[in-house]
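Residue numbers count from 1 along this sequence.
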Amino acid sequence: MVYTRKDVSTFTRSERRRFVNALLEVKRRGEYDEFVRTHIEYYVGDGERGLRAAHMAPSFLPWHRRFLLDLEDALRRVDESVTVPYWDWTRTRMPTAVPWTEDLLGGTGRRSDRQVMTGPFAYRNGEWTIKVGITETEFLTRDLGRSRDPIALPTAGDVKRALDDPVYDTAPWNSTSAKGFRNKLEGWGRGRGAVSWHTHNRVHRWVGGHMVGGASVNDPVFWMHHAFVDLLWSRWQRRHRGARYLPAKPLARGDAQRGRIVARHEKLPPWDVTPGELEDHSGIYRYA
């Protein structure tokens, strides 16, 4: 049966409670930390050797689509009524609004060390200890809006610029691709610092703390953020009917990106599935 992913701002108190409780139970079972490990393992950049499956590559979108489905399966094994909500950061933009409420994700971190002190994922509650990361910090951290060097969340106009591009991705198929929907949504740009962070990437930086880097899964907002990114891919597909994932075939010998990216019908690690098989989610879930 097809289930529905909703805008988190429309969640009832009961839906919030069920979602939080399911996340905490997946964490208690030790499953959640495996998701963190997987994301760290596949967080491979342009400057590193090997296959780029999750980031800076065409498979950014199908990789995270399957990743979301795996987390959703884990949540629904706890409570079959639970689905991953999406956070529309073009509309719900205040650091005191949903999803940053006491009964959902809690708020920003305290000034001294960015430790999240409110909500169910605060370290002091004893149910959300960071066990897998790139530092030894055991508590969840955030810096909503970057207090010392503020930045704003992406706007509807930023999203429109990505959705207007009719081509899924283009050479050189990495963080420097100037054209193509994928990188305009993933958000790698020229320059350094805030001017180079766009759309998806800018949201990670706006949240700050654990959301910056490969261990970003430690913050449950990761899933709400990527559910919205997934929704935007769905909207792009509807707007440009017939447009497909690119590249369609493995790159030619001699191409610097050969063996570093996944073509449409190649297996997308760590799963036995291809990007082409992940383009249509209509038989699994829909968005409200």
Side-chain angles (χ1 to χ4, degrees), residues 1-8 11 15 18-44 51-55 57-88 99 105 132 168 181-182 185-186 200 203-204 211 214-238 244-245 262-288:
M1 181 179 294
V2 176
Y3 55 82
T4 301
R5 291 179 180 170
K6 300 179 181 179
D7 186 331
V8 70
F11 262 24
E15 287 172 324
R18 284 177 174 272
F19 177 68
V20 167
N21 288 344
L23 275 173
L24 293 175
E25 177 60 19
V26 171
K27 175 75 167 178
R28 187 192 68 78
R29 294 179 179 183
E31 296 178 57
Y32 196 91
D33 292 329
E34 292 305 313
F35 287 103
V36 182
R37 288 188 181 94
T38 297
H39 194 262
I40 291 173
E41 179 181 355
Y42 286 91
Y43 193 86
V44 178
L51 179 70
R52 299 189 315 280
H55 291 276
S59 51
F60 164 71
L61 290 166
W63 194 96
H64 284 87
R65 174 166 286 178
R66 178 55 193 262
F67 197 46
L68 274 162
L69 284 169
D70 284 357
L71 182 276
E72 207 157 39
D73 285 344
L75 295 175
R76 290 167 67 80
R77 286 195 295 270
V78 175
D79 183 341
E80 63 180 9
S81 74
V82 171
T83 59
V84 176
Y86 63 90
W87 167 38
D88 182 347
L105 298 187
V132 180
Y168 179 82
F181 166 70
R182 185 274 309 172
L185 183 58
E186 190 175 1
H200 153 268
V203 176
H204 277 271
M211 273 285 276
S216 53
V217 180
N218 276 307
D219 194 329
V221 78
F222 172 94
W223 306 103
M224 297 184 187
H225 172 35
H226 275 276
F228 186 55
V229 170
D230 187 75
L231 168 57
L232 294 176
W233 183 20
S234 297
R235 288 177 179 171
W236 178 85
Q237 290 174 307
R238 289 198 303 271
R244 299 291 304 277
Y245 176 98
V262 180
R264 186 186 302 158
H265 301 302
E266 291 184 304
K267 296 300 183 183
L268 180 62
W271 306 283
D272 185 25
V273 67
T274 68
E277 292 169 328
L278 288 164
E279 287 182 289
D280 182 8
H281 64 77
S282 63
I284 307 171
Y285 63 90
R286 69 180 185 87
Y287 285 102

Handout entry: For the student: nearest non-hydrogen atoms of A22 and V82, plus distance
Key =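 Nearest heavy atoms, A22 then V82: CB-CG2, 4.1 Å.
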Could you check whether any side-chain heavy atom of [X] comes within less than 4.5 Å of a side-chain heavy atom of [Y], counting everything from C-beta outward?
X	Y	value
S59	R66	no
F35	F222	no
T274	K267	yes
E279	W233	yes
L51	V262	yes

State the [atom1]-[atom2] distance between [X] and [Y], to the nearest 0.5 angstrom.
X	Y	atom1	atom2	result
F19	W223	CZ	CH2	9.5 Å
D73	I284	CG	CD1	8.5 Å
M211	H204	CE	NE2	4.0 Å
Y245	L268	OH	CG	7.0 Å
L231	W87	CG	CH2	14.5 Å
F181	E186	CZ	CD	11.0 Å

Exercise for the section: Carefully, step by step, assess T4 and T83 under the rule side chain to side chain contact (heavy atoms under 4.5 Å, CB included). Expected result: CA-CA 7 Å; T4 301; T83 59; 5.9 Å; no
Handout entry: Pi-cation contact, Y285 with R5 (under 6.0 Å, within 45°)
Key =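 Flagged: R5 positioned over aromatic ring of Y285.
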Problem - R76 to Y3 six-membered ring, cation-pi geometry met (6.0 Å, 45°) - result: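 Yes, a cation-pi geometry.
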Is a side-chain N or O of [X] found less than 3.5 angstrom from the main chain of [Y], in a donor-acceptor match?
X	Y	result
Y86	A288	yes
W63	P269	yes
Y287	L232	no
N218	V36	no

Handout entry: Crowding at CZ, R18 (>12 non-hydrogen neighbours, <6.0 Å)
Key =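 Open.
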Problem - Neighbour count above 12 (heavy atom, 6.0 Å) for K6 NZ - result: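 Check fails, neighbour count at 12 or below.
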Practice task
Carefully, step by step, assess H226 and D230 under the rule side chain to side chain contact (heavy atoms under 4.5 Å, CB included).
Solution key: CA-CA 6 Å; H226 275 276; D230 187 75; over 6 Å; no
Exercise for the section: Begin with the C-alpha distance, continue with both residues' side-chain angles, and end with the deciding distance and a verdict on side chain to side chain contact (heavy atoms under 4.5 Å, CB included) for H200 and H225. Expected result: CA-CA 8 Å; H200 153 268; H225 172 35; 3.2 Å; yes
Exercise for the section: Flag the pair F60 / H64 as yes when their ring centroid distance falls below 6.0 Å, and as no otherwise. Expected result: yes
Handout entry: Worked check of side chain to side chain contact (heavy atoms under 4.5 Å, CB included) between L185 and W236
Key = CA-CA 10 Å; L185 183 58; W236 178 85; over 6 Å; no
